[in-house]
Amino acid sequence: MSEAVTRPGITTDALLASLDPLLRAWLPRQRWFAGKGRPITDFALVTATELLPPTSELGLLHLIVRVRQPQVPTQLGGAPAPPADCYQLLLGIRRELPPRLAPALIGHVTRGPLAGFTVYEALHDARMSGFLLEALRVQARIGKLRFERDPHKDIGDDLAPRMLAAEQSNSSLVYGDTFILKLFRRIVPGVNPDLELPLMLAREHCVQVPAPAAWLLGAGEDAADDVNVLGVLQPYLKGTVDGWELALQELAADRDFSDEARALGRATAEVHLALARALPTVTLGRAQMELIAGGMADRLDTAAKAVPALLPYAPALHTTFEALADLGRGEETWTAQRIHGDLHLGQCLRSPAGEWSLIDFEGEPSRPLSERRLPQPPVRDVAGMLRSFDYAARSHEPWAPEWAGDCRAAYCAGYEEVSGRDPRTDPVLLRAYETDKAVYEVLYEARHRPDWLPVPLAAIKRLSTNGPATDPH
Ligand SMILES: Nc1ncnc2c1ncn2[C@@H]1O[C@H](COP(=O)(O)OP(=O)(O)O)[C@@H](O)[C@H]1O
Ligand SMILES: O=P(O)(O)O[C@H]1O[C@H](CO)[C@@H](O[C@H]2O[C@H](CO)[C@@H](O)[C@H](O)[C@H]2O)[C@H](O)[C@H]1O
C-alpha cells in the first residue's frame, strides 16, 4: 500500500488544473449528482489521496470535491439547494484506456501534472475495485483515509468485483456475490446513519439488517476528530429480490401479497425493537407534537405552492395536522426512537427462503443529517410502507385497491405480532404521517417523475375526504 497522499511537488491546485475542465463536464451527467440543471460556479478539491500513484501506467486517485452552484430558488419549492455539495470520486489514471473500459472514460488530460494521461471512473476497473477491498481487508491507512473492518469477519482476498447496475443514489460494488461495498457519493459531514444504525443493530443481533463488515472513513474538514463516512461493506444477500419488484410480479400474476406483507410488518417491528434497545428513546409530549404537526403543515404549504394540483385539498389536509397538534394537547405521550427514516418496498430484500431484510438506513437524503438522526415516532416508517402498497396497487392496470387494502392490514397485523402494538391504534398519528409522506411524494414525483404524479395525488384525494387512513378506496 502506498503511503503517499500526493507526490511531493504536486499540489492539489496543480491537480485541480489537470482535472477541473474534465470533471466540470462529467459530474453533472452522473445520476447521483444532486445539482443538475444549475451551473457550477466553483469547483475545488477538498482532499486528494493517491491510492496508487500514477507514476507508471496505472494510478488510482481518491478525491473529495466541493461543487458550488447558485442558489436559484427551484420552481418546485422545497428546501433551498445548499450553496455547496461535496462528492466522493475515484478516478483511474492510465496512459491508454483498454477498450473494455471505454464506457468509463472521463477524458484525456491536456494540462497540469497529469497531462497525457486518461482519466476514467475507477469503479468499472476490477483492478481498482479489487484494491479497495484489499485496503479494507488489511485496514490500510492512506493519507486521511481509514479503511476499517470488523476483526471478527473474514474478508477473502479472491473475490471478483463487479459494479452494481442498479439505478441508485450512491455507487455499489459487488465482490464475488459475497460482499457489497456502497460508496457514498454526496458526502455530508458527520455520522452517516447508514453505518451507524446497522452497526448498532448488529450489536443487538438483529438478523433483519446486514451487519457492516468494513467501512471507509475520511477526515472531516473542521475539528481534528471529525470523520466522514465514505463507504460501507456488508454481506451481499445473494438471490434476494426487492419488495417493489416482488409486489409488482405478484400483482401482475393476480396473486395475493398479504403473507409477504405480514412478514414485512414483523421484520419492521423487529428492527424497531432492536433500535429502541440500542439507542436512546424520548417521550413526546404536547410541545413536540405541536412541532411535528407544524412541520407537516409547513411542508404541505410549500408543496402546494409548487404543485397547484394540491391546492384544492390543502384545507382538508390541514385539519389532519391540526388533529395531530390537538392530540398533543391531551394527557397522552408517545415514544420516539431512531427509525429507518425512508422505508418503502424498494428498501426491503426478500431471500429465497422468504426472509425479509431492510437496507439503506441513510434516511431521506434531502433532509439535513441532524434531522435524520433525531428520534421519531416509529409509525413514520409504517406510514412509508403503507404508502408503498398503495403505490404498487396504483401502478397496476386495473388499479387494485383491495390488494393494497389487504397488504396494509396484513402489514399492520404482522407489526403487532412482534411489537405488541397495532399501528392502527394510533389513527390520528398514522394518518398524519401518511398524509405527510403523500405530500412529500407529490413533490418528489413532480420533480423527478411527472408521469407518476397521479399516484400520490390519488392518495391525497382519499386522505382529504376524512376516510380511514387504511381505506384504499
Ligand atoms: N446487502 C445487499 N445484498 C444484496 N443486494 C443489495 C444489498 N444492499 C443493497 N443491495 C442492492 O443495491 C441496491 C442499492 O442499494 P441501496 O442501499 O438502496 O443504495 P442507494 O443508497 O444508492 O439507493 C438495492 O436496491 C439492492 O438491489
Ligand atoms: O430511492 P430512494 O430511497 O431515495 O427514495 C426516493 O425514490 C423512491 C422511488 O424510487 C420514492 O418512492 C416512491 O415510489 C416507490 C415506487 O417507485 C414507492 O414504493 C414508494 O412508496 C414511493 O414513496 C421515494 O419516495 C423517494 O424518497
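Atoms within each ligand, like the ligands themselves, are counted from 1 in listed order.
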**OP:** Please verify whether a non-hydrogen atom of R185 lies at under 4.0 Å from ligand 1.
**Re:**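 It does not; every heavy atom stays at 4.0 Å or beyond.
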
Original post:
For S172, is at least one N or O under 3.5 Å away from an N or O on ligand 1?
Top reply: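 No, S172 has no N/O under 3.5 Å of an N/O on ligand 1.
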
Subject >> N or O contact, N170 vs ligand 1, cut-off under 3.5 Å >> reply: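 Between N170 and ligand 1, an N or O pair is found under 3.5 Å apart.
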
Side chain or backbone, does [X] bring an N or O within less than 3.5 Å of an N or O on ligand 2?
X: D342; result: yes
X: Y391; result: no
X: R387; result: no
X: W244; result: no
X: E364; result: no

Could you tell me, atom by atom, which parts of ligand 2 come under 4.0 Å of a heavy atom of [X]?
X: Y440; value: 25 (O), 26 (C), 27 (O)
X: S388; value: 18 (C), 19 (O), 20 (C), 21 (O)
X: E441; value: 21 (O), 22 (C), 23 (O)
X: H344; value: 2 (P), 3 (O), 5 (O), 20 (C), 21 (O)

**OP:** Take every heavy atom of Q347, measure it against each atom of ligand 2, and state whether any distance is under 4.0 Å.
**Re:**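 The answer is yes: ligand 2 sits under 4.0 Å from a heavy atom of Q347.
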
**OP:** Check if R449 has a non-hydrogen atom at a distance under 4.0 Å from any atom of ligand 2.
**Re:**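 Yes, R449 has heavy atoms under 4.0 Å from ligand 2.
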
**OP:** Between P235 and ligand 1, find which residue part has any heavy-atom pair under 4.0 Å and reply side chain, backbone, both or neither.
**Re:**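 Backbone only; the side chain of P235 stays clear of ligand 1.
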
**OP:** Answer side chain, backbone, both or neither: which part of L164 comes under 4.0 Å from ligand 1, heavy atoms only.
**Re:**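 Only the side chain of L164 comes within reach of ligand 1.
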
Hey, are [Y] and [X] close enough side-chain-wise for a donor-acceptor pair under 3.5 Å?
X: T268; Y: Y411; answer: yes
X: E362; Y: N170; answer: yes
X: D360; Y: H340; answer: no
X: E260; Y: W356; answer: yes

**OP:** Apply the test side chain to side chain donor-acceptor pair (under 3.5 Å) to residues R185 and S169: give CA-CA distance (whole Å), side-chain angles for both, the deciding distance (0.1 Å), then the verdict.
**Re:** CA-CA 7 Å; R185 287 304 196 164; S169 334; over 6 Å; no

**OP:** State which residue, out of E270, R262, H272, fulfils the side chain to side chain donor-acceptor pair (under 3.5 Å) condition with Y415.
**Re:**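 Only match with Y415 under side chain to side chain donor-acceptor pair (under 3.5 Å): H272.
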
N-O pairing of [X] and [Y] below 4.0 Å:
X: R137; Y: E134; answer: yes
X: K182; Y: D194; answer: yes
X: D422; Y: R424; answer: yes
X: R162; Y: D177; answer: yes

Look at [atom] and say which protein heavy atom is nearest, naming residue and atom and giving the distance to 0.1 Å.
atom: atom 11 (C) of ligand 2; result: Y444 CE2, 4.0 Å
atom: atom 3 (N) of ligand 1; result: L237 N, 2.8 Å
atom: atom 14 (C) of ligand 1; result: Q168 NE2, 3.6 Å
atom: atom 5 (N) of ligand 1; result: Y236 CE1, 3.6 Å

Subject >> Side chain, backbone, both or neither: R394 near ligand 2, heavy atoms under 4.0 Å >> reply: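 Neither part.
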
Subject >> Residue that, paired with Y87, satisfies ring pair (Phe, Tyr, Trp, His ring centres under 6.0 Å) out of W26, F43, W32 >> reply: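 When W26, F43, W32 are each tested with Y87, the ring pair (Phe, Tyr, Trp, His ring centres under 6.0 Å) holds only for W32.
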
Subject >> Per-atom contact, atom 27 (O) of ligand 1, protein heavy atoms, under 4.0 angstrom >> reply: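 Protein heavy atom within 4.0 Å of atom 27 (O) of ligand 1: absent.
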
Subject >> Of M296, E364, R387, R299, the residue whose pairing with Y440 passes side chain to side chain contact (heavy atoms under 4.5 Å, CB included) >> reply: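 Testing each of M296, E364, R387, R299 against Y440, the sole residue satisfying side chain to side chain contact (heavy atoms under 4.5 Å, CB included) is E364.
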
Original post:
Under 30°, 30 to 60°, or over 60°: which ring-plane class applies to F257 and W403, parallel, tilted or perpendicular?
Top reply: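 Rings of F257 and W403: parallel, as their planes differ by under 30°.
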
**OP:** Could you check V442 against V439 for side-chain contact (heavy atoms from CB on, under 4.5 Å), going step by step and ending with a plain yes or no?
**Re:** CA-CA 5 Å; V442 166; V439 168; 5.7 Å; no

Subject >> Closest to atom 24 (C) of ligand 1 among I180, D360, D242, I359 (heavy-atom distance) >> reply: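 Minimum heavy-atom distance to atom 24 (C) of ligand 1 goes to I359.
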
Subject >> Nearest neighbour of atom 21 (O) of ligand 1 from the list Q234, R31, K182, on a heavy-atom basis >> reply: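 Looking at heavy atoms only, K182 sits closest to atom 21 (O) of ligand 1.
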
Original post:
Against heavy atoms of L349, which atoms of ligand 1 measure under 4.0 Å?
Top reply: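 Checking each atom against L349, I get 2 (C), 3 (N), 4 (C), 5 (N), 6 (C), 7 (C).
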
Subject >> Proximal ligand 1 atoms for Q347, defined as those under 4.0 Å from one of its heavy atoms >> reply: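 Within the 4.0 Å cut-off of Q347, ligand 1 contributes 18 (O).
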
**OP:** Search all heavy atoms of E445 against all heavy atoms of P456 and return the closest pair with its distance.
**Re:**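 Looking at all heavy atoms of both residues, the shortest contact is CG-CG, 3.8 Å.
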
